Amino acid sequence: MLTQRLILTGNEAHDEPLIQQAAAIIHAGGLVAFPTETVYGLGADALNSEAVRRIFLAKERPAWDPLIVHVDTPEAIHRYTHDYSVLTEKLIRAFMPGPLTLVLPKREMISDVVTAGRDTVAIRIPLHPVARALIRSSGTPIAAPSANKFGRPSPTTADHVLHDLNGAIEAVLDAGQTPMGVESTILDMTTQPPTLLRPGGVPKEAIEAVIGAVRTLGDPIEEGEPLPAPGLSVRHYAPKAKVLLCAPEPAIFYGALKDALSQYAFVGALRPEGWRTPDDPRLRVFEWGKWGDWETLAQRLFRGLRALEQEQTHAIVCPLPPEEGLARALRDRLLRAAR
Ligand code: TXA
Ligand code: MG
């Protein structure tokens, strides 16, 4: 199969026919990768089980790992889920469209293939104009995991998508780099209080400001113990090189690089702006961004991991972000990549 790259320009007259072309592919049961505000997704018609099955094949994703359904409006969330509480309504009003995914009891038309047999569905309204236009033109909810091979860093450019999936999908809508660079926050609304399954683009603190305390996995709850988000339990978001994490201190980072260089032939560094690295021809440096500027560091994280992997490094050294705000999502992805 030849994967078409449909290059968008941001000019409506040029882009509209390409969106229509992509929507026609979705409609016919095909696979289209598309940009969201977080990362590129690999989309199929969520109401077509055969099409959704093809996502699992293309990604080499195990069938037990359910997908996120992308819709265009709060009404569509109501159409495919039920039992939402006043908390759900508050979250929809505060954060949607945007990088928040809610796990809610599903209605029947959402197939077991999408939800991996669960009676809940993960659903969100993306903010990216291309994602919204695609959902609207397709006239159907779009099931989409991140558009990478299973276990790999999520794609933030169309090149990343093609690196992993060229020849396995019909098309990719190329709108350049995705603005956020880390995936959506996933919140399970079927427990009381709701459970944070994956930190992401909407910080936990922002959610708690709207609905009060949420629990993270491991905290005690009052009723209904949720399963951890499937697929988050294994090594994930990982490049081929070994990821080595260190405390976020310039001197410790320098020492960790020295250590790595004594053990591995080629070493990569995700370097915060202004931090020193050893002078060694076997070191490859990715200029990550200013430490503490989590928006920039989030946008560049997966790109950095993939870039250093392309340079054939055997290990990648990276300081570990703290457990706060958007940094929590970076920390989570790096801890999983380092397993
Ligand atoms: O930002 C994002 O969320 C991106 C873009 C494309 O929207 N999507 C994304 O999808 O990150 P994916 O498949 O890579 O991660 C979704 C995670 C899965 O690991 C799965 O475990 C969890 O969502 N999930 C999906 N349905 C669930 C459910 N019913 N209950 C619990 N977890 C669920
Ligand atoms: Mg993923």
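In this text, all values refer to a predicted model and were calculated from it rather than measured experimentally. Whatever order the structure lists ligands and atoms in, that order sets their numbers, starting from 1.
Around the Mg ion (ligand 2), the protein contributes the following N, O or S atoms at distances under 2.8 Å: S146 OG.
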Would E183 and S146 count as a side chain to side chain donor-acceptor pair (under 3.5 Å) if you check the C-alpha gap in whole Å, the side-chain angles of each, and the deciding distance to 0.1 Å?
CA-CA 8 Å; E183 303 85 345; S146 50; 5.0 Å; no

Under the criterion side chain to side chain donor-acceptor pair (under 3.5 Å), I'd like the reasoning laid out for R271 against T277: C-alpha separation, chi angles, the key distance, then a yes or no.
CA-CA 8 Å; R271 176 165 71 184; T277 44; 2.6 Å; yes

Candidate pair Q299 and E295, rule side chain to side chain donor-acceptor pair (under 3.5 Å), full reasoning
CA-CA 6 Å; Q299 196 199 37; E295 275 80 20; over 6 Å; no

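Ligand 1 places these atoms under 4.0 Å from at least one heavy atom of I68: 3 (O), 8 (N), 9 (C), 10 (O), 16 (C). Near I186, the atoms of ligand 1 lying under 4.0 angstrom from a non-hydrogen atom of the residue are 17 (C), 22 (C), 23 (O). Atoms of ligand 1 lying under 4.0 Å from at least one heavy atom of L197, given by number and element, are 31 (C), 32 (N). Listed by atom number, the atoms of ligand 1 under 4.0 Å from L67 heavy atoms are 25 (C), 26 (N). Close contacts of ligand 1 with G41, meaning ligand atoms under 4.0 Å from a residue heavy atom, involve 6 (C). For ligand 1, the atoms lying closer than 4.0 Å to a non-hydrogen atom of T38 are 1 (O), 2 (C), 4 (C), 5 (C). Near H70, with a cut-off below 4.0 Å to any heavy atom, the atoms of ligand 1 are 5 (C), 6 (C), 7 (O).
Grouping Ile, Leu, Val, Met, Phe, Trp and Tyr residues whose side-chain heavy atoms lie under 4.5 Å apart, directly or via other members, places L173 in a hydrophobic cluster with L6, L8, L18, I19, I25, I26, V32, F34, V130, L134, I135, I142.
Only the side chain of R118 comes within 4.0 Å of ligand 1, counting heavy atoms alone; its backbone N, CA, C and O stay farther away. The residue D188 has no part lying near ligand 1, judged by heavy-atom distances below 4.0 Å.
In this comparison of P145, P66, A33, P35, the heavy atom closest to atom 33 (C) of ligand 1 sits on P66. In this structure, of S146, S184, G200, P155, the residue bringing a heavy atom nearest to atom 9 (C) of ligand 1 is S146. Atom 13 (O) of ligand 1 has its nearest heavy-atom neighbour, among M180, R61, R198, in R61.
For a threshold of 3.5 Å applied to N or O pairs, the pair formed by D65 and ligand 1 contains at least one separation below that value. Any N or O atom pair closer than 3.5 Å counts here, and Y40 shares no such pair with ligand 1.
By the rule that hydrophobic residues join a cluster once side-chain heavy atoms approach within less than 4.5 Å of another member, L330 and L335 end up as members of one cluster. If you chain together hydrophobic residues whose side chains sit under 4.5 Å apart, V210 and I77 fall into the same group.
The side chain to side chain donor-acceptor pair (under 3.5 Å) with R152 is formed by just one residue from the set H236, H160, E309, E60; it is E309.
Checking side-chain atoms of R328 against main-chain N and O of E323 turns up a donor-acceptor pair under 3.5 Å. Side-chain atoms of R198 come within 3.5 Å of backbone N or O of S184 as a donor-acceptor pair.
Cation-pi contact between R336 and Y237: absent, since separation from the ring centre below 6.0 Å together with deviation from the ring axis within 45° is not met.
Between R215 and D188 there is no salt bridge, since no side-chain N of the basic residue sits under 4.0 Å from a carboxylate O of the acidic one.
Heavy atoms of T115 stay at 4.0 angstrom or farther from ligand 1. By the 4.0 Å heavy-atom criterion, K106 is excluded from the residues contacting ligand 1.
No side-chain donor-acceptor contact under 3.5 Å links R306 and T157.
To the nearest 0.5 angstrom, M1 atom CE is 8.5 Å from I169 atom CD1. Interatomic distance, W275 CH2 to L270 CG, rounded to the nearest 0.5 Å: 11.5 Å.
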